[in-house]
Amino acid sequence: MVDYNLLEELSITDEMVDEELAKAFGDDSSADLIKEKIETAMGATVSGTLLKGRIVGLAGNDVIVDVGLKSEGMIAADEWGDKSQIDIGDEIDVWLDTVESDSGLVQLSKRKADRLLSWQRIVKTTNEGDEVKGKVMRKIKGGLLVDIGVPVFLPASQVDIRRPGDIGELIGKEIEASVLKIDTDRRNIVISRRKLLEERRREARDNLLAGLEVGQKRKGIVKNIADFGAFVDLGGIDGLLHITDMSWDRVHHPSAILRIDEEIEVTILNIDAEHEKIALGLKQQTEDPWMRVEEKYPIESMVHGEVVNIMNYGAFVKIEAGVEGLVHISEMSWTRRINHPSEMLSLGDQIDVVVLDINKDKHEISLGIKQTETNPWTTVAAKYPPNTRVTGTVRNLTNYGAFVEIEEGIDGLLHVSDMSWTKKISHPSEILAKGQELECVVLKVEEEKQRIALGIRQLTEDPWEKAVPENYIPGQIVEGTVTKITNFGVFVELEQDLEGLLHVSELADHKIENAHDEVSIGDKIQVKILRVDPVDRKIGLSKKRAEWAAEDAKGEDATDATAAKKERRGGLIGSAEIGTDLISRELLNKPKPESDAESSDAESPAVAEAAPEAEAAAESETKPEAAPESEAAPEAAESDNSTGDQTV
């Protein structure tokens, strides 16, 4: 079937057709011969064949190509990319998709033909390891598709030495890569940009290391930023710019002063050629501010700064870029007790401080806040001389005493031993409470140690000087209450806040294994005073001696007992009555006149019998085991002897 309209549109005349037929089939160009040759040619041409064709015309967005078949083929003009390159009469390579489509036309493809030819050319000219150039077409699963004449695969892991965050940034860019693998059976090629970069960097690194020296200044590109620093490409090898070498000032994170792909100039600090490590510095481009810190900030000078960091032990204050000093918690206030620096300071505070000490080698400066004010302790000694009465508030209680605030920030120690003249206080909480107001006496002021000793017992006269010795005389028998029992004895309260010690050896005549067997807490008992020691503030007591005196009283003459002049309760006389005319043992043993002996014979038998009994009682009280604990035992024995004489 001949399309005459097409022939007319292409301006092809009958003469031109005959001429072409003669060229193709010779002089014998009968219709039967032509049909036979066409059928023979068509039989040899199948789909999937690479053919030569000639552009014979344009029809809309299609290009008409004659490939020598019974009909022309159609190719979309888009396959040329640039339509200006389409010229009628040009010979091109095409790919035969279909011999005859539903429309009766031959389906051709220039793009497929180009790819096949490119593949064949690449296979012939390229080997694994060769360098190729191409344009990144698009992103596919696992990597990128790159056009190097034919589409090839660039895995994501092979895009760069350090895998970028988004490999899609390379789409549309021309890249260079190295061929990793060629699979001719599957017509597949894998390339690596990373391998090519590593090879080039290795060459550049060797050249760079050979020329690097410590102290050199080099330009580089920031390639990566981490919490601890940044990696800078020096042109073949990366160096580490640590965060501490970025600035003399405090740097919280490298991203605060650096950006990826930023070009910076750095100083070479250290080179480890064996491990290919280079330490870089940025702050070394400027002078170290610590070089002249002693000149700029002499000791005891006052400077202004900003609080940049707060720790448990103090606060760091920046007095200039790169120069920070520490205000220790102990240097923040003369009087206030600070548990944490945040009680006084906050980040960003602008404060005045005094330079206390400088260690330029260690880059350390000791600063103080309290030194900007007058030390109140310099006036405390003059303000509160000893024996001054003050009123304060109990701020804290400890095992050894109480801290009393006598003015804001000024605390004095009220030791447990200065709370009472007579009462034994185990813990201040027994008589004091936090927040309680009380009056004290200043005992001592130590300005250097910033200490004030206080006392409350000094508000009254010491009872041990007069009251106790005058009211409690060795030999007296008194009544008391058991308040405490220990393994060595019993404490007996004689009156409020006044106790005496009843040693275990003075409880009874027999040996006592456990004091609880004899007395109980709260018992009212009669005891004899053995010794009163105002210096050591101790009273020695005896229960068994009081019992001995009570037994002696039963044998005394009732008449003599009532006739005696009552002056005080008699611990000095065996009957515990009042008496003053004490007779010594020497008088007791003196021979009596005969007249007295005769008169004594007329006395009551009971009185006569009492003498030897009283003497025996006196002797029994002087037994060695009577007072092994107390030094007052001999004194007590003498008193008991006198008592015996008086009784006789």
Side-chain angles (χ1 to χ4, degrees), residues 399-400 415-428 430-431 457 460-551 568-572 574 576 620-640 643:
N399 292 332
Y400 52 85
H415 196 270
V416 67
S417 63
D418 288 312
M419 293 183 181
S420 174
W421 290 113
T422 55
K423 184 177 180 179
K424 294 186 181 297
I425 300 172
S426 301
H427 194 276
E430 296 176 11
I431 60 171
R457 72 178 186 177
T460 60
E461 184 182 5
D462 185 357
W464 285 94
E465 292 183 359
K466 292 183 179 180
V468 172
E470 290 178 357
N471 289 279
Y472 296 92
I473 301 173
Q476 280 184 299
I477 295 178
V478 295
E479 185 179 72
T481 304
V482 176
T483 58
K484 186 177 180 182
I485 300 176
T486 66
N487 58 351
F488 57 84
V490 176
F491 286 94
V492 180
E493 186 179 54
L494 305 179
E495 63 178 70
Q496 185 177 2
D497 296 340
L498 180 62
E499 291 181 342
L501 174 61
L502 173 57
H503 194 268
V504 67
S505 63
E506 296 294 334
L507 275 172
D509 288 336
H510 57 277
K511 186 176 181 180
I512 303 298
E513 296 291 342
N514 189 349
H516 290 84
D517 297 337
E518 291 294 322
V519 294
S520 300
I521 294 177
D523 287 355
K524 300 285 187 180
I525 61 173
Q526 297 282 330
V527 292
K528 175 180 278 190
I529 299 176
L530 298 180
R531 181 172 65 96
V532 178
D533 187 349
V535 177
D536 292 336
R537 302 178 187 275
K538 295 179 181 179
I539 298 178
L541 305 174
S542 174
K543 177 174 175 290
K544 70 180 182 180
R545 296 176 188 274
E547 293 174 350
W548 292 347
E551 292 175 359
R568 62 174 180 262
R569 196 171 184 194
L572 299 178
S620 64
E621 288 190 6
T622 59
K623 294 177 181 178
E625 64 272 18
E629 172 70 16
S630 173
E631 297 175 0
E635 299 174 5
E638 292 177 4
S639 299
D640 292 339
T643 301

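Hydrogens, waters and symmetry mates are skipped; everything else that's a heavy atom, side chains included, is used.
- Atom CD1 in Ile477 sits 11.5 Å away from atom CZ in Arg545 (nearest 0.5 Å).
- Judged purely by atom type and a 3.5 angstrom limit, Gln476 uses its side chain to pair as donor or acceptor with the backbone of Ile473.
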- Message: Apply side chain to side chain contact (heavy atoms under 4.5 Å, CB included) to residues Leu501 and Glu499 and explain how you reach the verdict.
- Response: CA-CA 7 Å; Leu501 174 61; Glu499 291 181 342; over 6 Å; no
- Worked verdict on Ile529 versus Val527 for side chain to side chain contact (heavy atoms under 4.5 Å, CB included): CA-CA 7 Å; Ile529 299 176; Val527 292; 5.9 Å; no
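- Side-chain N or O atoms of Glu430 include one that pairs as donor or acceptor with a backbone N or O of Ser426 at under 3.5 Å.
- Between the CG atom in Asn487 and the NE2 atom in His516 there is a gap of 10.0 Å [rounded to 0.5 Å].
- Remark: side-chain polar atoms of Asp523 are paired, donor with acceptor, to backbone N or O of Ser520 under 3.5 angstrom.
- Checked by atom type, the side-chain pair Lys524/Thr481 shows a donor-acceptor distance below 3.5 Å.
- For the atom pair OG of Ser542 and CD of Glu547, the computed distance is 8.5 Å after rounding to the nearest 0.5 Å.
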- Item | Derivation of the side chain to side chain contact (heavy atoms under 4.5 Å, CB included) call for Met419 and Ile431 | CA-CA 9 Å; Met419 293 183 181; Ile431 60 171; 3.7 Å; yes
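- A distance of 10.5 Å separates CG of Leu502 from CZ of Phe491, quoted to the nearest 0.5 Å.
- Between Asp497 and Trp421, the side chains place no donor N or O within less than 3.5 Å of an acceptor N or O (distance only, hydrogens not considered).
- Glu551 places no side-chain N or O within 3.5 Å of a backbone atom of Trp548 that could act as its donor or acceptor partner.
- The heavy-atom pair separating Ala515 from Thr486 by the smallest distance is CB-O, 4.2 Å.
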- Item | Intermediate values then yes/no, salt bridge (Lys or Arg N to Asp or Glu O under 4.0 Å), Arg457 and Asp418 | CA-CA 6 Å; Arg457 72 178 186 177; Asp418 288 312; 3.6 Å; yes
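- We find the CG-NZ distance between Leu530 and Lys538 to be 14.0 Å, quoted to the nearest 0.5 Å.
- Of the candidates Val478, Asp533, Val468, Val468 is the only one forming a side-chain contact (heavy atoms from CB on, under 4.5 Å) with Ile539.
- Note: His510 NE2 to Lys544 NZ = 10.5 Å, rounded to the nearest 0.5 Å.
- Side chain of Lys543 to main chain of Lys528: no donor-acceptor pair is present (N/O by atom type, distance under 3.5 Å, no hydrogens or angles).
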- Message: Please determine whether side chain to side chain contact (heavy atoms under 4.5 Å, CB included) holds for the pair Val504 and Phe488, giving the CA-CA distance in whole Å, both sets of side-chain angles, and the decisive distance to 0.1 Å.
- Response: CA-CA 6 Å; Val504 67; Phe488 57 84; 5.6 Å; no
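- Of all heavy-atom pairs spanning Ser420 and Ile425, the tightest one is CB-CD1, 4.0 Å.
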